[in-house]
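Worksheet for the structure shown next.
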Protein chains: 2
Amino acid sequence: MQKQKVTIYDVAREAKVSMATVSRVVNGNTNVRQETRDRVLAVIKRLHYQPNAVAQGLASKKTTTIGLIVPDLTNLYFSELSKGIDDIAMIYKYNIILSSIENRLMREGDVIQGLLNKQVDGIIYMSNRLSKEAEEAFLRTKTPVVLAGTLDNDGHLPSVNIDYIKADTEAFELMYASGKKNIAIAVGDSEAVINKQHRLVAYRRFLEAHHLGEGHVYRNIQNYADGYNLYAQLKQEKIDGIFVTKDLPSAGIVNAASEKGTKVPEDLEIITATATDIVKVVRPKLTAVKQPLYDIGAVAMRMLTKLMGDEPLEDKKVVLPYALEKNDSTSTR
Amino acid sequence: MQKQKVTIYDVAREAKVSMATVSRVVNGNTNVRQETRDRVLAVIKRLHYQPNAVAQGLASKKTTTIGLIVPDLTNLYFSELSKGIDDIAMIYKYNIILSSIENRLMREGDVIQGLLNKQVDGIIYMSNRLSKEAEEAFLRTKTPVVLAGTLDNDGHLPSVNIDYIKADTEAFELMYASGKKNIAIAVGDSEAVINKQHRLVAYRRFLEAHHLGEGHVYRNIQNYADGYNLYAQLKQEKIDGIFVTKDLPSAGIVNAASEKGTKVPEDLEIITATATDIVKVVRPKLTAVKQPLYDIGAVAMRMLTKLMGDEPLEDKKVVLPYALEKNDSTSTR
DNA sequence: CTTAATTGTGCAAGCGTTTACAGCTCATTT
DNA sequence: AAATGAGCTGTAAACGCTTGCACAATTAAG
């Protein structure tokens, strides 16, 4: 990169004003005579002047950039969230630095430190699991942080979610209502806060409420193949209803069941916790908890803009409504 | 943001050296005595000094940040590409500024200018369609640009792709070989370079080669519903084979066909141009062109690092191999 | 033991902005 | 007519770092 072509200084010289005045014009400061403003704007246009955001960042200590921490973009759950974040960020003219924490090339703490070094004005974090080092880094820094579709253990950090316990309970009860008695749950990362402290808790409470015994918890069910392969075990353990936290494994189960002659929903009901496009592609269509992913992202970003602008937050923990979308993998009765 | 806690100046004072030396240590410059280096490193550690990347950027004119322009992250095609880019970027310690150009809140030229103002060291652009204003902006700037899974009209910009004409032809021939005579094509944006100058050209050539007449081109087939609704028309026009550029519409067609009693692949064969997870979820499984999306992204990013480091490029246009994955939506014979 | 070459280190001038603060010009008030 | 104050504009000091240049210290060569 060579020396910048046109700087604020060039504009100042051409417009016969000081850099300060040019800066004021660029930043929309009102304390500039209309006539002067017009002259400066004309020069800016003529010279194609564009402010150097890095220099602005250094001088003003604001970069209008936020960090977005995400485990896996190819997961529709996170990409939908990202879209909501991105749209609101664009409205408020923030750029997003994307930081993937999926591959273990870099420690999560270093990723966050890198963002902080770039002087981001704020951070949005999403992951099934808030790592200890991330949590510590967040509590240490003064840079605002919001969790989107993610929960921390002690609830210190601002976050946006749905009521997972309520949603899951509703799902379990739906299957129970159609007569299923051997209802299981399949989760991805069983140590993730959402699973450990919400989904699995809901499951246990459900079992107790109806005296259904120990139940069946399947862990580490992450992708299509995991679901497909899980089917054999479900059959063996005579599972007649299952709640699956991820969309792809749900599709795997359904497809395996269809191939092996198990009727869905008559012999096996399935509800998935994340309604994505997958849900309508697979046959039978999956009954699913429809999370307002886009909105979760959008609200999280809006919260972050408030925090970055030192505005007060009404609620630190925002809970958005969900819907249980009844399709063909549960009985319609 | 308050004034930075620990600056290079603090470290210099504590270590009894000049800022210049601290800077050299931080940047791994070899011209520092081991003893001095150790002393400085010790102080850095003790004070938890972290360099301010914005100041570094201003002084060095390098931000170790690249811009990534993408139309829609929830599209698996782009998120797979992004993953490849991200991984390589991380290896080379570049951060990624994500810029979505899907919503029309901002003109594409402004998005690019914003990236340039942030002094990104390079840009990777992906989109079905390289807009005129983007192309002009790219040719004007000295900042290196690489296209990933995208083509420009005149081939001036470095890019990474597969041979679409070859892949599509292979797909058409596969259907022709199983006896289909009324083969159609369904594209998303028919004005996109890839479609207009590659896929549709391949289609026309195929028709001519086998004297199949005018053929049928369906345009603007973008999502699941578009595909689902297209089925009626296919039936009416007695289409017996179709090549679809996107994955979700393909699934829509298959599902509609199954519901309406059309047998796939006996009565209707379908090949999709982009093999994503969707392909294996839908039944029958879709025959698909498997593009090496991750690799396209990775290679594009690697090319960009070379351009940013002023290294020479062996090839300006990289063409990666693809595979035609034969599944159940084409006859196995 | 001088002289030349090779490190190692500091000085200070940037990089392109923002932003107190001060000062100047006029209109308004007394 | 002097004083007050509002509205504009300029001066210059940051912001935190890199880097060319000069010079000191060390080592190698003659």
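If you're wondering where the values come from, they're calculated on a predicted model, not measured in any experiment. In what follows, chains are A, B, ... by sequence order, proteins preceding strands, each numbered from 1.
For B:R39 and C:dG8, the CZ to P distance is 14 Å, given to the nearest whole Å. In this structure, B:Q56 places its CD atom 13 Å from C1' of D:dT19, rounding to the nearest Å. Per the geometry, CG belonging to B:N31 stands 10 Å off C1' belonging to C:dT6, to the nearest Å. Atom CG in B:L116 sits roughly 16 Å away from atom C1' in C:dG16 (whole-Å rounding). D:dA6 atom C1' lies 14 Å from atom CZ of A:R33, rounded to whole Å. If you measure from atom CZ of A:R13 to atom P of D:dG10, you get 15 Å, rounded to the nearest angstrom. As rounded to whole Å, 17 Å separates atom P of C:dG16 from atom CG of A:N27. If you measure from atom CG of A:N29 to atom P of C:dA20, you get 11 Å, rounded to the nearest angstrom.
Relative to the side chain of A:A55, the nucleotides C:dG16, D:dG10, C:dC11 differ in distance, and C:dG16 lies closest. Nearest nucleotide to the side chain of B:L58, out of C:dT19, D:dT9, D:dG16: D:dG16. When distances are taken from the side chain of A:T7 to each of C:dG16, D:dT9, D:dT19, the shortest belongs to C:dG16. Listed nucleotides: D:dT18, D:dT11, C:dT17. Nearest to the side chain of A:A20: D:dT11. The side chain of B:V17 lies closest to C:dG10, out of C:dT9, D:dC17, C:dG10.
One finds a side-chain N or O of B:S18 lying less than 4.0 angstrom from the OP1 or OP2 phosphate oxygen of C:dG10. Residue B:T36 has a polar side-chain atom (N or O) positioned under 4.0 Å from OP1 or OP2 of C:dT9. Taking only side-chain nitrogens and oxygens, B:Y49 comes nearer than 4.0 Å to OP1 or OP2 of D:dC17. Close to C:dC15, at under 4.0 Å from its OP1 or OP2, lies no side-chain N or O of A:N52. Proximity of B:K61 to the phosphate of C:dG14: no side-chain N or O atom is located under 4.0 Å from OP1 or OP2.
Residues B:E80 and B:K83 are not paired through a salt bridge, judged by the lack of any N-O separation under 4.0 Å between the basic side chain and the carboxylate.
If you check every strand for non-hydrogen atoms under 4.0 Å, A:S23 touches a base.
With sequence neighbours excluded, no residue satisfies ring-ring contact (aromatic ring centres under 6.0 Å, His included) with A:Y77.
A:N153 and A:Q197 form a side-chain donor-acceptor contact under 3.5 Å, judged by distance and modelled atom types alone. Side chains of A:D38 and A:Q34: a donor on one and an acceptor on the other come within 3.5 Å.
Separating the CG atom in B:N128 from the CD1 atom in B:I194 is a distance of 6.5 Å, to the nearest 0.5 Å.
A donor-acceptor contact under 3.5 Å links the side chain of A:R24 to the base of D:dG10.
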